[in-house]
Number of protein chains: 2
Amino acid sequence: MKDAQPRTRSRRSGAPDAPALTREYIVDAALEYIDEVGLESFSMRNLATKLQVYPTAIYWYVPTRNELMAQIVARVLDQVISSKRRRSLDAFLRDLFNNFRDVIRRHPNVAPLIGTQLVSNTNMGLEFVEQLLAHLSRAGLSGAALVGAYNTVIATIVGFTAQEFAPIPTEGSDQWQTQVRERLATISRESYPVLAANLPILSNRAFILRWESGVEAPLDESFRIYVDVVIAGIERLIETQPAA
Amino acid sequence: MKDAQPRTRSRRSGAPDAPALTREYIVDAALEYIDEVGLESFSMRNLATKLQVYPTAIYWYVPTRNELMAQIVARVLDQVISSKRRRSLDAFLRDLFNNFRDVIRRHPNVAPLIGTQLVSNTNMGLEFVEQLLAHLSRAGLSGAALVGAYNTVIATIVGFTAQEFAPIPTEGSDQWQTQVRERLATISRESYPVLAANLPILSNRAFILRWESGVEAPLDESFRIYVDVVIAGIERLIETQPAA
DNA sequence: ACCTGAACACCGTTCAAGT
DNA sequence: ACCTGAACACCGTTCAAGT
């Protein structure tokens, strides 16, 4: 997609060899920049430098910074493929969860955007929505239960992964890491017995109790259980649904 | 907590009646500001104006803007009370989900922070962690299943609510609203049959298909189903767990 | 149509100086 | 110890001007 046919060269003076600006090209470059140096140090001006244009040139293609962010999220989520094949709800959901996670894992620095942008993203394709609804409906859900299951799937798909890969405090990572580790090391067995007893299997493998993000310490096993739990719960919902 | 005893008055010239600065007072003021005018227009400088001090005065109590944000989140999450009483896992989780949602509903503008900050918040009390682990453990979970269930609960508690109350595109809300509504109105029955058929119950009641945030259009029914699904899934996990 | 260039009204944060 | 005040190196965005 990115290296399709030779682009028309730009007319701009400073960078004769650089490709002409495009909305697509700008979004790609922005995503690349965020992947490389992180969300925090992204700015329209830094992006402009990377593109070898004046900051204001970007505004000819993108109305605002927020809109650019929304389009970056849309670009990432586009990579979540889902085969059009009809299959069981179980298989469909399982693939969806795993595909989504794989995609975010490739772009962990945009994770903070996903959680807040997806829910209100008009740019998102409705094919995905239709497919999810179709599978849920065919499994026997309708009315409020259909809506509830739909919202449940969306919320759960985003929830775990967005948090798993959310960047951990940026500054002095060494300092912060040892701080958390020391805190866990000095947990009193009297005040927190269950926590203390299970510390070995919880350390760096559980939310709030870890010092690395999912990039360095992926929560593979927990995610597997998570998916099982959600799917089992939805199947339970289907059972309690009166047949049409 | 906020109006406990008469504060010592400040020595600063410009605002003789204003209370002396405190880390606590600053965090409270920041949360208040965000509640009133939103996260987007929050800045250290605006906060300073509200406090009637120079921007740099804040830095005597708070090391950085990010740290302040983390403490705001901690302050909000402190309001999620959980009775120390021993009770069934079902009752415990149900209360937890509902309390959490009620708290976020009172501070919807901080919702975007919750999802990304909670997971790595050292400021968070470990009492909560211990309680959750204790209930899950007593219900029969241990080892990887305990870790998985723990992470599942954290992820699901945050997931739905953070997205439900996430502020919707700020600018020209009227324009954006009608844009989404028109898009939904012109959905083709051929391309998106299930979506089209269920549009009446999905409109503004489902993620991606709504034009108002949870503040104006709360997803009460879906949340109830969501909680049921998660709890049913966890109970299923407990059943498959070999007895100790 | 597409980009340059200057300019505006902001930021977070450091550091010296006052009291 | 706690705050003022100036200053630095940035921001996003508007708007006129060039080609």
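In what follows, every chain begins at residue 1, and chains take the letters A, B, ... in the order their sequences are listed. As a basis for the values below, the full set of heavy atoms in this structure was taken, side chains included, without hydrogen atoms, waters or symmetry mates.
- Shortest non-hydrogen contact noted between T64(B) and Y59(B) is CA-CE2, 4.3 Å.
- Residue T64(B) places none of its side-chain N or O atoms closer than 4.0 Å to OP1 or OP2 of dG12(C).
- Between the P atom of dC11(D) and the CD atom of E40(A) lies a distance of 13 Å, rounded to the nearest Å.
- For the salt bridge (charged side-chain N to carboxylate O under 4.0 Å, His left out) condition, the pairs that include at least one residue of residues 42-63 of chain B, sequence neighbours left out, are E32(B)-K50(B).
- Between the P atom of dC2(C) and the CZ atom of R23(A) lies a distance of 14 Å, rounded to the nearest Å.
- Taking atom CD of E67(B) as the reference point, atom P of dG12(C) lies 16 Å away to the nearest angstrom.
- With rounding to the nearest 0.5 Å, the separation of CD1 in I114(A) from CD in Q163(B) is 10.0 Å.
- By the 4.0 Å N-to-carboxylate-O rule, D220(A) lies close enough to R101(A) to be salt-bridged with it.
- Side chain to side chain, Q131(A) and E127(A) fail the donor-acceptor criterion of an N or O pair below 3.5 Å.
- Distance check, rounded to the nearest 0.5 Å: CZ of F207(B) to OG1 of T152(A) gives 8.5 Å.
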Under 3.5 Å for both distances, Watson-Crick or G-U wobble, that's the pair rule; now give the dot-bracket for DNA chain D, with | marking pairs to another strand and [ ] for crossing ones.
-> ||.|||||...|||||.||
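- Atom P of nucleotide dG12(C) and atom CG of L47(B) are separated by 10 Å, given to the nearest angstrom.
- Classification of E164(B) and R105(B) as a salt-bridged pair fails, no side-chain N sitting under 4.0 Å from a carboxylate O.
- In this structure, Y226(A) and F97(A) have perpendicular ring planes: the angle between them is above 60°, well past the 30° mark.
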Scoring nucleotides 5-10 of chain D by protein non-hydrogen atoms under 4.0 Å (B base, S sugar-phosphate only, - none) yields BBB---
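- Between R205(A) and E221(A), the closest side-chain pair of non-hydrogen atoms is not below 4.5 Å.
- Across the protein-nucleic acid pair, W60(B) atom CH2 and dT13(C) atom C1' stand 17 Å apart, rounded to whole Å.
- Computed from coordinates, the Y61(B) OH to dC3(D) C1' distance equals 8 Å when rounded to whole Å.
- In this structure, CE of M69(A) is placed 12 Å from P of dC11(D), rounded to the nearest angstrom.
- Within the 4.0 Å cut-off from OP1 or OP2 of dC3(C), not a single side-chain nitrogen or oxygen of Y59(A) is found.
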